Amino acid sequence: MTRVVISGTGLYRPPHVISNAELVEAYNRYAELQNERHADAIAAGERQPMTPSSVEFIEKASGIKQRYVLVKDGVLDPARMVPRFEPRPDEQLSLMAEIAADAARQALAAAGKTGADVDMLLCAASNMQRAYPAMAIEIQNAIGAGGYGFDMNVACSSATFALEQAVNAVKSGSARCVLVVNPEITSAHIEWRDRDCHFIFGDVCTALVVEAADTATSADCWEVLGTKLATKFSNAIRNNFGFMNSAEDSDPDARDKKFRQEGRKVFKEVVPMAAAHIAAHLAALGHEPTAVRRFWLHQANVGMNQLVLKKLVDHEVGDDIAPLILDEYANTASAGSIIAFHEHRADLAAGQLGVICSFGAGYSIGSVVVRKR
């Protein structure tokens, strides 16, 4: 059986930071303007006033302290509350492909590879910039890769689901070197005008190189011992934006056309599912959760991660076992667990185990068990 490794990772970090204080200032001014505009309806009891946000509320609810974004212009404008991206002509590299190519080149360099070595490319993210041509094919062209590429979306589990496809392709021999990229431009599908979620997301792009162990030349390789995926339908996290909206004569700016969730329900339902999923995966491979040196978990909520780990190992663990990048990057959808892996793996010794796990809309859960070579 072909042994498969992750031999390189890359991370594109956007140039702009929005602090919680900046975000709260813009949101609260927007709320004031809306309350002034609808003052009569509010006074008549026909409409509820908008509640202000606060730095304390955000950090207590999530653990997030800031987020990186591609552009700040527009997001902090109370009259707009959405990023302002410049349209690009078809002949120009798209924004999503641009940040993906950046992360991809970093991952390839770390693996000692070039674009010419890649014969399969997966663009896996929570949203694609367009319907077609596939973003993966544009990225493939931008980095000079061969073979084939395609897009896939399983929301916040997109990266781990793509990793299984990459691993299986190498094992079967249908690909030699697979590049997985996760460009997450979340600032375009978050609702910045909703107090319950205006602070959640940040922009980023991650990339991973997956190949056979006998072709890897990197000194930093992680053997993939197994992958496990699961889905169970839920409406608790949803976004109804899509190509059929115009045919439905629906409002393209309606609340359901951006990210929305029932946060408490998600927390209550996903935590036991994620813990049981990881435990079952490890057991199938002959390992106990306590044997895992590091967990690189989905970065959506610090309380959620702490409870998942407590269910797994029966006690609270610190950042050394389950590193947190959420405070700096916010929720970056499918990229969160990969950022944690990218930034917090150098101190592990050969033979030590780690688990990359994501969970999100669907519900979807993906886990990848790795061992440092």
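This is a predicted model, so every value here is computed, not measured.
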Check step by step if side chain to side chain contact (heavy atoms under 4.5 Å, CB included) holds for Val5 and Glu211. CA-CA 6 Å; Val5 298; Glu211 61 178 316; 4.1 Å; yes
Please determine whether the number of non-hydrogen atoms from other residues, nucleotides or ligands lying under 6.0 Å from atom NZ of Lys372 exceeds 12. yes
Shared hydrophobic cluster, Met304 / Ile64 (ILVMFWY, side-chain heavy atoms < 4.5 Å): yes
Checking Phe161 against Met152 for the side chain to side chain contact (heavy atoms under 4.5 Å, CB included) test, could you report, in this order, the C-alpha distance in whole Å, the side-chain angles of both residues, the deciding distance, and whether it holds? CA-CA 9 Å; Phe161 274 58; Met152 58 180 294; 3.8 Å; yes
Between CD of Gln129 and CG of Asn127, what distance do you get to the nearest 0.5 Å? 11.0 Å
Under 4.0 Å between a side-chain nitrogen and a carboxylate oxygen: does that hold for Arg293 and Asp320? yes
Can you establish whether the number of heavy atoms outside Arg3 located under 6.0 Å from its atom CZ is more than 12? no
Under 4.5 Å between side-chain heavy atoms, hopping through other hydrophobics if needed: is there a path connecting Leu297 to Ile325? no
To the nearest 0.5 Å, atom CG of Leu229 lies from atom OG1 of Thr231 at 8.5 Å
Side-chain heavy atoms of Glu328 within contact of Gln66, under 4.5 Å: yes
Check for a donor-acceptor pair, side chain of Arg67 on one end and backbone N or O of Ile18 on the other, with a separation under 3.5 Å. yes
Under 3.5 Å: donor-acceptor pair, side chain of Glu46, backbone of Ala41: no
Check step by step if side chain to side chain contact (heavy atoms under 4.5 Å, CB included) holds for Phe150 and Leu122. CA-CA 5 Å; Phe150 60 88; Leu122 300 175; 3.1 Å; yes
Students often mix this up, so state it plainly: with edges at 30° and 60°, are the rings of Phe341 and Trp222 parallel, tilted or perpendicular? perpendicular
Does Leu225 belong to the same Ile/Leu/Val/Met/Phe/Trp/Tyr cluster as Val180, with side-chain heavy atoms less than 4.5 Å apart forming each link? no
Do Thr186 and Thr332 make a side-chain contact, defined as non-hydrogen atoms from C-beta onward lying under 4.5 Å apart? no
Is it the case that more than 12 heavy atoms not belonging to Tyr148 sit under 6.0 Å from its OH atom? yes
If you compare all heavy atoms of Ser358 against all heavy atoms of Ser337, which two are closest, and at what distance to 0.1 Å? CB-OG, 4.2 Å
Between Ser53 and His198, does any side-chain donor sit less than 3.5 Å from a side-chain acceptor? yes
Between Leu11 and Val17, is there shared hydrophobic-cluster membership here, with clusters defined by ILVMFWY side-chain heavy atoms closer than 4.5 Å? yes
From Tyr27, Trp192, Phe57, residue fulfilling ring-ring contact (aromatic ring centres under 6.0 Å, His included) relative to Phe199: Phe57
For a quick test of reading the model, state the closest non-hydrogen atom pair linking Tyr363 to Ser234 and the distance between them. CZ-OG, 3.3 Å
With a 4.5 Å heavy-atom cut-off, do Val118 and Lys113 have their side chains touching? no
Nearest non-hydrogen partners of Lys257 and Phe241, listed with the distance: O-CB, 3.3 Å
With a 4.5 Å limit on heavy-atom distance, are the side chains of Val69 and Pro14 in contact? no
Nearest heavy-atom pair of Ala212 and Thr2: which atoms, and what distance? CB-CG2, 3.8 Å
Criterion side chain to side chain contact (heavy atoms under 4.5 Å, CB included) on Ile365 and Met273, from CA distance to verdict: CA-CA 8 Å; Ile365 302 176; Met273 288 174 60; 3.7 Å; yes
What pair of heavy atoms forms the shortest contact from Asn240 to Asn245, and how long is it? O-ND2, 3.2 Å
Linking I/L/V/M/F/W/Y whenever their side-chain heavy atoms sit closer than 4.5 Å, directly or via other members, would Leu324 and Ile356 fall into one cluster? no
Side chains of Arg345 and Asp220: does their closest heavy-atom pair fall under 4.5 Å? yes
Taking atom NZ of Lys60 and atom OG of Ser54, what is their separation to the nearest 0.5 Å? 10.0 Å
Salt-bridge present (Asp203, Arg13; N to O < 4.0 Å): no
Closer than 3.5 angstrom, by distance alone: can the side chain of Arg47 be matched with the main-chain N or O of His38 as a donor-acceptor pair? no
For the residue pair Pro323 and Trp296, establish whether any side-chain heavy-atom pair is separated by less than 4.5 Å. yes
Out of curiosity, Asp151 CG to Ile137 CD1, how far, rounded to the nearest 0.5 Å? 7.5 Å
Salt bridge check: are Asp90 and Arg130 linked by an N-O gap of less than 4.0 Å? no
Parallel, tilted or perpendicular: rings of His277 and His281 (30°, 60°): perpendicular
Can a salt bridge be assigned to the pair Lys232 and Glu269 using a cut-off of 4.0 Å between side-chain N and carboxylate O? no
More than 12 heavy atoms of other residues, nucleotides or ligands under 6.0 Å from CG of Asp40: yes or no? no
Got more than 12 heavy atoms from elsewhere within 6.0 Å of CG, Asp314? no
Consider only side-chain N and O atoms of Asn28 and Glu32, and report whether a donor and an acceptor are under 3.5 Å apart. no
Here the pair of heavy atoms bringing Thr51 nearest to Arg195 is O-CD, 3.3 Å
Cationic N near anionic O, under 4.0 Å, Lys258 to Asp194: no
Is it true that, when you exclude Glu36 itself, more than 12 heavy atoms of the residues, nucleotides or ligands shown sit nearer than 6.0 Å to its CD? yes
CG-NE2 distance between Asn239 and His189, expressed to the nearest 0.5 angstrom: 7.5 Å
Side chains of Ser364 and Ser157: donor-acceptor distance under 3.5 Å anywhere? yes
Ser126 and Glu184 side chains, donor-acceptor separation under 3.5 Å: yes
Say whether, by atom type as modelled, one donor and one acceptor occur between the side chain of Ser62 and the main chain of Glu59 under 3.5 angstrom. no
Are any of the side-chain heavy atoms of Glu22 and Val75 separated by less than 4.5 Å? no
Any side-chain heavy atom of Ile143 within less than 4.5 Å of one from Leu179? yes
Is the backbone N or O of Cys177 less than 3.5 Å from a side-chain atom of Asp119, with the two atoms forming a donor-acceptor pair by type? yes
Could you tell me whether the side chain of Asp117 and the main chain of Thr114 form a donor-acceptor pair under 3.5 Å? yes
Donor-acceptor under 3.5 Å (Asn331 side chain, Phe201 main chain): no
When you measure from the side chain of Gln140 to the backbone of Gly146, do you find a donor-acceptor pair of N or O atoms at a distance under 3.5 Å? yes
If you round to the nearest 0.5 Å, how far is CG of Asn35 from CZ of Arg37? 12.0 Å
Using the ring of each side chain (for Trp, its six-membered ring), is Tyr68 parallel, tilted or perpendicular to Tyr329, with breaks at 30° and 60°? tilted
